[in-house]
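Worksheet for the structure shown next.
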Amino acid sequence: MVDTTQMKVSDEIAISIEKMNKWYGQFHVLRDIDLSVYRGERIVIAGPSGSGKSTLIRCINALEEHQAGKIVVDGVHLTSDLKNIDAIRSEVGMCFQHFNLFPHLTILENCTLAPIWVRKIPKKQAEETAMHFLEKVKIPDQANKYPGQLSGGQQQRVAIARSLCMKPRIMLFDEPTSALDPEMIKEVLDTMVELAEEGMTMLCVTHEMGFARQVANRVIFMDQGQIVEQNEPEEFFNNPKSERTKLFLSQILGH
Amino acid sequence: MSDMHSHLAFVRTEMLAQQEPPIKEKGIVKWARSNLFSNWVNSVLTIVALYVIVRLIFSAGPWFLNGIWDTSSLAQCREILDGARGACFSVLSERWQQLLFGIAYPSDQYWRPTLAFVLMLVAAAPVLFVALPRAMLIITGLFPFVAYWLLWGGTIMTSVFVLIGVVVGYLVFTKAERFGFVLGLVAGLIAAVVVWKIGGAITPAVDGIMVLEPVASRDMGGFMLNMMLGVVCISLSLPIGIMLALGRQSHMPIIKGISVVFIEFIRGVPLITLLFVASVVLAYFFPPETNMDLILRVIIMITMFSSAYIAEVIRGGLAALPKGQYEAADSLGLDYAQAMRLIILPQALKISIPGIVNVAVGLFKDTTLVSVISMFDLVGMIRGPILASTEWNGVYWELYGFAALLFFVTCYSISQYSQWLERQLRTDHR
Ligand SMILES: Nc1ncnc2c1ncn2[C@@H]1O[C@H](COP(=O)(O)OP(=O)(O)OP(=O)(O)O)[C@@H](O)[C@H]1O
Ligand SMILES: [Mg+2]
């Protein structure tokens with residue numbers, strides 16, 4: 001297997017976040033977030049529950065609005081302008097903890113819907129692309145079933161294929177494996193590793209530290225809405241600087 | 001060890017043939033035992049129910065079988081029956097035309113509403129059954145215009161111009177939509193009105209083409225009127241209800257406010273009040289020369305009423321969808337209209353089917369309320385002209401039973417269809 005942590009990262013910036021702040025009512029969820037993601041970079045975000053990891057990556061494709069600071073994705077400034085938001089969303093793929101497949105559509109229709117309606121690709125061509133990505137996530141034979149007929153791991157791989165069909169330049173993952181049984185976790189992680197090897201820019205919230213070691217070229221640790229520490233995985237795991245990080249690592253790697 | 005083996009070892013030498021189950025475990029006996037007589041409470045209930053059913057059959061059976069179909073008044077029926085129990089169905093065979101078409105619809109024109117009814121079934125088919133060829137939707141699109149012409153008569157040019165106006169308006173809307181949705185809507189509306197005005201000016205000149213004997217709205221009646229009101233109001237209130245439900249969820253305060261006020265106001269008012277408003281009060285608000293058709297006023301009121309209810313049913317369906325469905329649609333870059341049309345509404349409407357059908361069936365039966373504002377629908381016909389006539393004064397069961405039968409058949413069909421549809425749409429495999 002390729003050691004992707006050593007893969008070359010370009011110096012072109014894919015996402016830049018400056019002094020970003022977000023509140024839920026009075027509650028200050030994200031505080032002064034500064035983050036630059038380079039094209040081809042694979043970043044794992046870790047942190048205790050409620051630290052704002054989901055909120056952070058949901059801000060990147062404007063599923064959540066930020067109240068202060070600046071987010072630039074793929075050269076497009078994220079404002080409340082709907083045109084900008086739709087433009088960014090079609091370039092940024094997102095996978096959710098609970099898959100969020102469309103239960104009333106077949107697997108194939110799930111994968112072709114956005115390319116046909118957003119990218120205006122002819123149906124035939126969209127189906128070819130969809131089959132290509134379904135093969136890539138190793139479930140082409142399920143194309144005509146409905147999501148409810150698939151196992152959790154298969155559903156999550158369909159969700160990844162569905163995002164890939166939009167040919168995104170950036171992929172966001174929010175705990176893609178935490179709703180899955182152990183044997184299914186592996187099949188989803190394998191798919192994500194493959195994606196990383198192809199040089200996809202990835203931001204991934206996960207507690208799979210093995211995955212972080214193998215794939216990430218940067219691990220970000222968040223607590224109380226702030227980035228507390230970030231480093232290369234080797235350094236991060238073997239030589240954490242902050243007390244919070246040490247405590248967190250000892251908790252999740254403890255047993 | 002080995003002798004323990006010989007003790008336990010067993011080899012079957014001949015296979016057993018299949019046998020009949022014991023008699024008490026089979027067929028109807030088993031079914032009756034487990035369903036009707038499983039314990040003593042159940043047994044008592046069964047016997048009481050049987051007694052009631054038998055009594056009903058013995059009292060209604062002769063009444064029905066003795067029924068007389070060919071007299072010309074209730075008095076004659078009584079004479080023939082001579083004290084025996086028996087129904088006087090003659091009222092149906094003599095007055096069926098009035099019951100179906102109302103008192104004043106010209107009797108040599110009955111083929112028109114009948115044809116409109118058959119066309120309605122054809123037009124509804126492709127909407128109700130997705131398996132039918134989509135080209136049939138053209139019939140559905142043309143149906144309202146043809147039906148209007150058939151029912152009200154006059155020159156077909158009126159319908160044609162209205163149709164042209166709608167088409168032109170739609171084309172202008174699609175062209176102008178790129179400059180903004182509202183602008184497109186306004187431009188489309190203006191274009192349509194212009195065509196209608198021109199059409200209105202031309203119509204007298206081409207008056208001779210395909211003229212049917214005109215029938216005034218006040219001459220419409222009977223079950224036909226219930227059908228017209230029911231079909232038009234249900235088909236209109238579904239899209240309006242969807243818009244209201246989405247409006248109520250909207251983030252735009254004005255749209256949300258209008259939707260909420262409309263829904264809450266309409267739901268807080270009895271339908272009968274709205275109908276009185278339609279028949280009496282509305283006239284005060286319009287200038288006297290705009291003599292708006294009574295049927296049109298009633299349609300507007302019933303549609304407003306049922307769309308408020310349908311909106312609430314659909315809101316329930318929308319609320320039942322997990323937030324993740326909205327987020328997944330958003331994250332794929334679908335815009336609001338696409339997300340609603342392709343992802344949210346198909347699922348929300350599927351959840352709402354039982355509720356929508358409930359409203360539709362209720363609405364269809366509520367169309368009989370128009371008899372209160374002296375329109376002669378099926379119930380109005382019975383209560384008014386028929387029971388008031390000297391020949392048939394006193395025939396209740398036969399007439400109301402007939403009305404109940406017509407409504408039951410229609411409502412039961414709607415309900416059966418909706419259950420079939422629910423089974424068709426079940427893809428979640430829970
Ligand atoms: N819609 C909301 N309204 C108010 N508070 C919210 C909302 N969503 C999240 N929060 C709060 O914001 C904080 C951060 O939430 P977030 O979901 O980003 O945490 P997380 O790091 O992803 O946690 P987990 O590991 O449990 O998923 C939490 O304290 C949460 O209670
Ligand atoms: Mg989270």
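Bear in mind that the values here come from a model prediction, so they are computed numbers and not experimental data. Quick note on labels: first sequence line is chain A, next is B, and so on, each numbered from 1.
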Quick check on [X] against chain B: is it the side chain, the backbone, both or neither that has a heavy atom closer than 4.5 Å?
X: A:H104; answer: both
X: A:F102; answer: both
X: A:R162; answer: both
X: A:I85; answer: neither

Closest contact, heavy atoms only, B:S331 versus A:M94: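 The answer is CB-CB, 4.0 Å.
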Compare every heavy atom of B:M136 with every heavy atom of B:A125, then report the nearest pair and how far apart it is.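 Taking every non-hydrogen atom into account, CB-CE, 4.4 Å.
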Engaged part of B:E327 at the chain A interface, taking heavy atoms whose separation is under 4.5 Å: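 Both backbone and side chain.
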Can you name the one residue among B:L238, B:D366, B:V313 that meets side-chain contact (heavy atoms from CB on, under 4.5 Å) with B:V359?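 The single option meeting the side-chain contact (heavy atoms from CB on, under 4.5 Å) with B:V359 is B:V313.
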When A:I220 is tested against each of A:V44, A:V205, A:I227, A:V37 for side-chain contact (heavy atoms from CB on, under 4.5 Å), which residue passes?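 For A:I220, the side-chain contact (heavy atoms from CB on, under 4.5 Å) check succeeds only for A:I227.
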Taking the side chain from A:R42 and the backbone from A:G40, do they hold a donor-acceptor pair closer than 3.5 Å?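 At least one qualifying donor-acceptor pair exists.
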For residues B:S237 and B:S307, is any side-chain donor paired with an opposing acceptor at under 3.5 Å?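 There is no such pair between these side chains.
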Option in A:A87, A:A114, A:S163 with maximal non-hydrogen atom pairs under 4.5 Å from chain B: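 Maximum pair count with chain B is reached by A:A114.
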Top residue by heavy-atom pair count (under 4.5 Å) with chain B, among A:N100, A:N61, A:V92, A:I88?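 Counting heavy-atom pairs under 4.5 Å, the top option is A:N100.
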